[in-house]
Amino acid sequence: MDNLPQGKSSSSAGGGLPVIQYWIEETLSAQGLKLWQTLNHKSACLSCAWGTGGQKGGFVNEAGEYLQRCAKSVEAIAAELQPGIKPDFFQENHINELQQLSSQECDRLGRLSYPVILKAGSNYYQRISWEEVYQIATQAFKVPPARIASYSSGRSSNEAAYLLQLLMRSLGSNNLADCSDLCHAPSTVGLKKVFGSGTSMVSLENLKHSDCVVLIGSNAPANHPRLMNELIKLRERGGKVIIINPQIEVGLVKFASPAFPIKSLLTGGSDISSLYLQPIPGSDVALFVGLQKSLIEQKLLKLEYLKCYTKDWEKIVDYAKNISWNKITNICGVSQEEITATAYQIGTSERVVFAWAMGITQHDNGVDNVLSIANTALITGNAGKVGSGTMPIRGHSNVQGFGSMGVTVNLRSEIKQALSQLLGKPLDETPGYHTRNLITAAEVGKIDTLFCLGGNLYAANPDLQQAKQALSQIETIFYVATKPNLGHFHGLAKQQTLILPVLNRFENPYKTTTESGNNFVRLNDEGKSHLQSLNTTDLIPEIELITEIAQRLHGEIPINWRKLQNPVYVRELIAKTIPGYQKIGTIDQTKQEFIIEGRILDEPKFPTSDGKAQMFVTPLPQLSIPPKSEFGIRESQPGILLILGTGRSYGQHNTVVYRSEDKYRGMPHRHCILMNPLDVKKAEFQEHQRVTVKGNQGQLDNIEIICGAILEGVAFMFYPEANVLFKAKIDPQSGTPAYKRVPVYILATNKP
Ligand SMILES: Nc1nc2c(c(=O)[nH]1)N[C@H]1C(S)=C(S)[C@@H](COP(=O)(O)OP(=O)(O)OC[C@H]3O[C@@H](n4cnc5c(=O)[nH]c(N)nc54)[C@H](O)[C@@H]3O)O[C@H]1N2
Ligand SMILES: Nc1nc2c(c(=O)[nH]1)N[C@H]1C(S)=C(S)[C@@H](COP(=O)(O)OP(=O)(O)OC[C@H]3O[C@@H](n4cnc5c(=O)[nH]c(N)nc54)[C@H](O)[C@@H]3O)O[C@H]1N2
Ligand code: SF4
Ligand SMILES: [Mo]
């Protein structure tokens with residue numbers, strides 16, 4: 001079935017020329033040599049969790065294949081190689097001026113290279129010494145543990161992550177909010193319920209044995225580019241790629257990979273999608289229940305497998321049988337024919353991998369979405385078999401490592417036990433604040449001290465006004481970072497805000513480790529920073545910062561914290577306390593990178609209490625559209641109500657914008673809204689017209705309409721800019737905001 005709709009963008013394939021141009025520009029620039037050296041450095045890529053680079057060299061993937069770095073990796077390194085911010089920069093710039101900077105301008109200020117503080121009553125960040133930082137920290141952490149919180153983002157090492165949670169738990173606080181709360185928390189929660197393990201059960205090696213990949217709510221060509229090589233190879237060996245996404249992402253249709261330059265040049269790229277389904281945003285549960293229904297009807301379910309290896313499968317089968325096709329197709333907007341054809345392809349393939357990203361998790365039923373995918377994998381016998389299984393595609397390069405190290409509000413009981421033994425006392429049982437709960441707790445004055453290990457808590461949240469207000473109720477905030485971002489200038493504390501500069505992954509004076517989304521632990525070599533030779537700069541490793549604070553708070557009780565400034569000892573503790581991580585204890589001698597034990601499931605024996613997978617019935621979503629009045633719009637006012645999805649362009653990494661245009665979607669700058677041409681016509685707008693986009697919390701004026709291949713009734717805008725628009729619904733099971741289903745009203749700002 002050839003159901004590929006026509007995309008409208010300035011590129012006919014993902015990857016391709018824009019990427020090659022980017023490589024050439026950057027690598028021939030003034031910092032080109034240093035850039036190449038860093039690309040060859042034996043450490044994991046900073047950018048996404050696909051996990052390229054490590055002991056076998058910067059260009060090698062987890063299967064030992066070469067030529068695997070993508071341009072995003074170059075972009076991330078180039079940003080880190082910028083010169084340090086000038087010594088007098090903060091003295092010369094009033095905070096009001098700093099607040100005028102865009103995300104891109106913040107990042108372009110250069111590397112943070114000395115600690116600074118902004119005190120209440122002052123309008124300028126001023127430089128301070130590390131000794132002063134430690135004195136402030138010692139005071140700030142001496143408050144009741146419930147009033148301390150941390151937030152983290154997944155770029156730091158496993159060792160830094162482990163120490164962060166150890167410090168927090170030693171103080172008696174479980175308030176370990178993390179960017180994963182805004183990201184893949186529904187995957188972790190859902191997969192743990194079903195399989196007893198919250199990560200991907202598929203290794204990169206296993207993926208190579210698959211004959212069908214169902215890729216759901218992921219824009220991998222932009223966000224995990226090296227995954228595309230696997231899809232190209234899968235198509236070449238006759239396999240199928242089924243895409244489920246309301247938006248036609250051009251790179252999911254065709255992708256020109258620089259790893260296959262000759263093919264890319266001759267053919268303009270490789271075909272990716274065999275089938276492309278466009279469900280209504282937030283309706284994936286209905287689509288997956290539809291797939292289950294059709295699999296049952298076509299007698300493609302694996303009954304013996306269900307009986308032997310799963311629990312409650314009868315409920316799932318009955319449920320799917322009893323829901324009418326009408327109901328399913330009305331909710332998801334995909335026809336029965338298309339669902340049937342897709343079910344046939346899944347059901348007749350031998351080894352199917354179900355992979356997904358934010359289009360699945362960022363909904364108020366994110367966990368149910370994950371459960372419905374897991375059910376589909378199970379009824380087709382595609383879990384616990386080489387080349388098949390469930391595979392959440394993780395975001396930040398070490399976000400999964402943070403979770404493994406215990407940076408989470410849902411700590412596994414085995415880790416809890418091991419840590420309480422290590423700390424010589426039971427861990428506090430008060431449930432910690434995940435990211436959304438942290439914001440609401442701060443808003444009502446429940447937090448005194450916040451320690452942010454990387455990230456941009458302010459701009460990553462929905463409703464930026466609320467985030468700003470909440471952060472302003474906190475007495476002291478520490479922002480530990482490599483480069484300035486919007487949060488450092490907008491997310492200001494009540495009394496004092498500190499920005500603390502640290503070395504990045506390829507600059508640490510010792511080895512560190514990270515974990516990829518495919519459960520592979522990388523060893524990162526020691527390195528040197530280009531900033532260290534300058535006597536105006538004063539950066540330290542993250543590990544040193546955390547252990548020094550701990551030492552000043554606790555002395556040597558119950559552990560010698562300063563001794564932990566040597567990460568070899570941290571790895572010893574990790575080996576003793578973190579399940580599956582035993583091999584890290586000897587990695588300094590063996591240099592053996594490894595797959596974490598118990599995560600990759602090649603047999604249908606699951607790490608649950610009885611070894612069986614637990615299936616759950618997934619309620620169909622009730623997708624409502626609010627009335628005009630909710631946006632303060634009169635019934636007679638012209639315009640159109642759309643469901644907005646917010647997400648990323650190729651040229652940004654989360655809240656950090658590197659370049660403003662998105663060539664693949666034909667969006668020339670950040671202030672665009674991508675709309676279906678029929679909606680543009682319906683509302684009597686024209687392409688390129690400037691409109692106002694109104695959400696339930698704020699509005700953005702002067703937004704340019706761009707027509708694109710997106711489902712009717714749906715629109716797309718970039719984050720973090722769009723985060724001013726809305727208060728998001730939150731998934732009660734995971735705490736993750738529904739960034740992918742934001743009702744907005746579009747009205748004309750002025751006539752074209
Ligand atoms: N270049 C780049 N790479 C990155 C990042 C970056 O910012 N830039 N960020 C990193 C991080 S932290 C993350 S989490 C990942 C994010 O990687 P992705 O999840 O791929 O990124 P998003 O832009 O959030 O887009 C997700 C896709 O979901 C689709 N979608 C929206 N709503 C729905 C829905 O209801 N159902 C379905 N089936 N699909 C839907 C959108 O059309 C979009 O194509 O990327 C990582 N890598
Ligand atoms: N509307 C909308 N909002 C979203 C999303 C969406 O799709 N739509 N996606 C959500 C998702 S998936 C995520 S993951 C969050 C992202 O949220 P965060 O992870 O909080 O944000 P980032 O923009 O990735 O953080 C970037 C900053 O990290 C710092 N940094 C970089 N490297 C290092 C390092 O080595 N050490 C330290 N200490 N700091 C470092 C730099 O200062 C940089 O400015 O946003 C979420 N928000
Ligand atoms: S795919 Fe991800 S890990 Fe691999 S080089 Fe690109 S950004 Fe880095
Ligand atoms: Mo993410």
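In each ligand, atom 1 is the first atom listed, and ligand 1 is the first ligand listed. Remember, it's a predicted structure, so these values are computed and weren't measured experimentally.
- Taking 4.0 Å as the cut-off between side-chain N and carboxylate O, E65 and K233 count as a salt-bridged pair.
- Remark: distances from the non-hydrogen atoms of K740 to ligand 2 include one below 4.0 Å.
- Atom 42 (O) of ligand 2 has K483 O, 2.7 Å as its closest protein atom, hydrogens excluded (heavy atom only).
- For A222, a nitrogen or oxygen atom sits less than 3.5 Å from a nitrogen or oxygen atom of ligand 1, counting backbone and side chain alike.
- Remark: distances from the non-hydrogen atoms of H363 to ligand 1 include one below 4.0 Å.
- T655 and N456 share a side-chain donor-acceptor pair at under 3.5 Å.
- Scanning the protein for heavy atoms near atom 14 (S) of ligand 1, the closest one is C183 SG, 3.1 Å.
- The option from Y458, Y719, Y479 that lies nearest to atom 4 (C) of ligand 2, judged by heavy atoms, is Y719.
- Of the protein's non-hydrogen atoms, G395 CA, 3.3 Å is the one closest to atom 13 (C) of ligand 1.
- Looking from atom 36 (N) of ligand 1 to the surrounding protein, the closest heavy atom is D284 OD1, 2.8 Å.
- Distances between N or O atoms of H488 and those of ligand 2 include no value under 3.5 Å.
- Taking 4.0 Å as the cut-off between side-chain N and carboxylate O, E526 and K42 do not count as a salt-bridged pair.
- Using a 3.5 Å distance cut-off with no hydrogens or angles, the side chains of S187 and W356 do pair a donor with an acceptor.
- By the 3.5 Å distance cut-off applied to N or O atoms, K72 is counted among the residues near ligand 1.
- Looking only at heavy atoms of the protein, atom 25 (O) of ligand 2 is closest to G455 CA, 3.2 Å.
- Applying the 4.0 Å criterion to heavy atoms of G454 picks out, from ligand 2, the atoms 37 (C), 38 (N), 39 (N).
- Annotation for ligand 2: atoms under 4.0 Å from non-hydrogen atoms of N723 are 1 (N), 2 (C), 3 (N).
- Considering backbone and side-chain N/O of A220, none are found under 3.5 Å from N/O of ligand 1.
- For NZ of K727, the number of neighbouring non-hydrogen atoms (other residues, nucleotides, ligands) closer than 6.0 Å is greater than 12.
- Judged by the 6.0 Å distance and 45° axis criteria, R665 is positioned over the aromatic ring of F716.
- Near T655, the atoms of ligand 2 lying under 4.0 angstrom from a non-hydrogen atom of the residue are 22 (P), 23 (O).
- The closest side-chain donor-acceptor pair between S203 and N518, if any, does not fall under 3.5 angstrom.
- A salt bridge does not link E542 to R155: none of the charged nitrogens lies less than 4.0 Å from a carboxylate oxygen.
- Shown in contact with T646 at under 4.0 Å from a heavy atom are these atoms of ligand 2, numbered in order with element: 1 (N), 2 (C), 7 (O), 8 (N).
- Comparing heavy-atom distances from atom 35 (O) of ligand 1 across A357, C70, G282, G517 singles out G282 as nearest.
- Of all atoms in ligand 3, numbered sequentially from 1 with element shown, those under 4.0 Å from a heavy atom of C45 are 3 (S), 5 (S), 7 (S), 8 (Fe).
- Per-residue contacts place N456 under 4.0 angstrom from the following atoms of ligand 2 (heavy atoms of the residue considered): 18 (P), 20 (O), 21 (O), 25 (O).
- In the vicinity of Y151, heavy-atom distances shorter than 4.0 Å reach the ligand 2 atoms 17 (O), 18 (P), 20 (O).
- Considering each of V480, T736, T482, the one bringing a non-hydrogen atom nearest atom 34 (C) of ligand 2 is T482.
- Remark: among candidates C70, A44, G51, the nearest residue to atom 6 (Fe) of ligand 3 is C70, based on non-hydrogen atoms.
- Not one N or O of P484 is nearer than 3.5 Å to an N or O of ligand 2, by distance alone.
- Residues R648 and N654 bring a donor and an acceptor atom of their side chains to less than 3.5 Å of each other.
- Protein heavy atom closest to atom 8 (N) of ligand 1, with residue, atom name and distance, is Q652 O, 2.5 Å.
- The nearest protein atom to atom 12 (S) of ligand 1, hydrogens excluded, is given as N654 ND2, 3.2 Å; this is a heavy-atom distance.
- In this model, a donor atom of one side chain and an acceptor atom of the other lie less than 3.5 Å apart for N229 and S257.
- The ligand atoms of ligand 3 that sit less than 4.0 angstrom from a heavy atom of K72 are 7 (S).
- Atom 20 (O) of ligand 1 has as its closest protein heavy atom N219 N, 2.7 Å.
- Residue Y650 touches ligand 1 through its backbone alone, judged by heavy-atom distances below 4.0 Å.
- Remark: of the listed residues I549, T547, L545, T547 is the sole one forming a side-chain contact (heavy atoms from CB on, under 4.5 Å) with L163.
- Counting the atoms of ligand 3 from 1 in the order shown, those under 4.0 Å from a heavy atom of R226 are 1 (S), 4 (Fe).
- Nearest-residue assignment for atom 43 (C) of ligand 2 (options L644, V742, N223, N485; heavy-atom criterion): N485.
- Of the candidates E542, R648, R155, it is E542 that places a heavy atom closest to atom 37 (C) of ligand 2.
- With 2.8 Å as the limit, C48 counts as an N, O or S neighbour of atom 2 (Fe) of ligand 3.
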* Decide yes or no on side chain to side chain donor-acceptor pair (under 3.5 Å) for R436 and N461, but give the supporting numbers first. => CA-CA 8 Å; R436 284 310 300 163; N461 266 287; 2.7 Å; yes

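- When hydrogens are left out, the protein atom nearest atom 41 (C) of ligand 1 is N245 OD1, 3.6 Å; that is the closest non-hydrogen contact.
- For the ligand labelled ligand 1, residue H224 lies inside the 4.0 Å heavy-atom shell.
- Between the side chains of D178 and S152, at least one donor N or O lies within less than 3.5 Å of an accepting N or O.
- Taking all heavy atoms of C48, G359, S180, A49 into account, the minimum distance to atom 33 (C) of ligand 1 is reached by G359.
- Comparing heavy-atom distances from atom 26 (C) of ligand 1 across P392, P281, G217 singles out G217 as nearest.
- Of the N or O atoms in A460, one or more lie within a sub-3.5 Å distance of an N or O in ligand 2.
- Close approach to V502 involves these atoms of ligand 2, each under 4.0 Å from a residue heavy atom: 38 (N).
- Evaluated by nearest non-hydrogen atom to atom 19 (O) of ligand 1, the leading choice among R665, Q278, M358, H653 is M358.
- The shortest contact between atom 44 (O) of ligand 1 and any protein heavy atom is with E249 OE2, 2.6 Å.
- Under a cut-off of 6.0 angstrom, the local environment of NZ in K468 is crowded, with over 12 non-hydrogen atoms contributed by other residues, nucleotides or ligands.
- Within ligand 3, counting atoms from 1 as listed, the ones closer than 4.0 Å to a heavy atom of R69 are 5 (S).
- Within the listing of ligand 3, atoms 3 (S), 4 (Fe), 5 (S) sit less than 4.0 angstrom from a heavy atom of T52.
- Residue-level proximity to ligand 2 for R505 is absent, since no heavy atom of it falls below 4.0 angstrom.
- For ligand 3, the atoms sitting less than 4.0 Å from at least one non-hydrogen atom of S47 are 7 (S), numbered in the order shown with element in parentheses.
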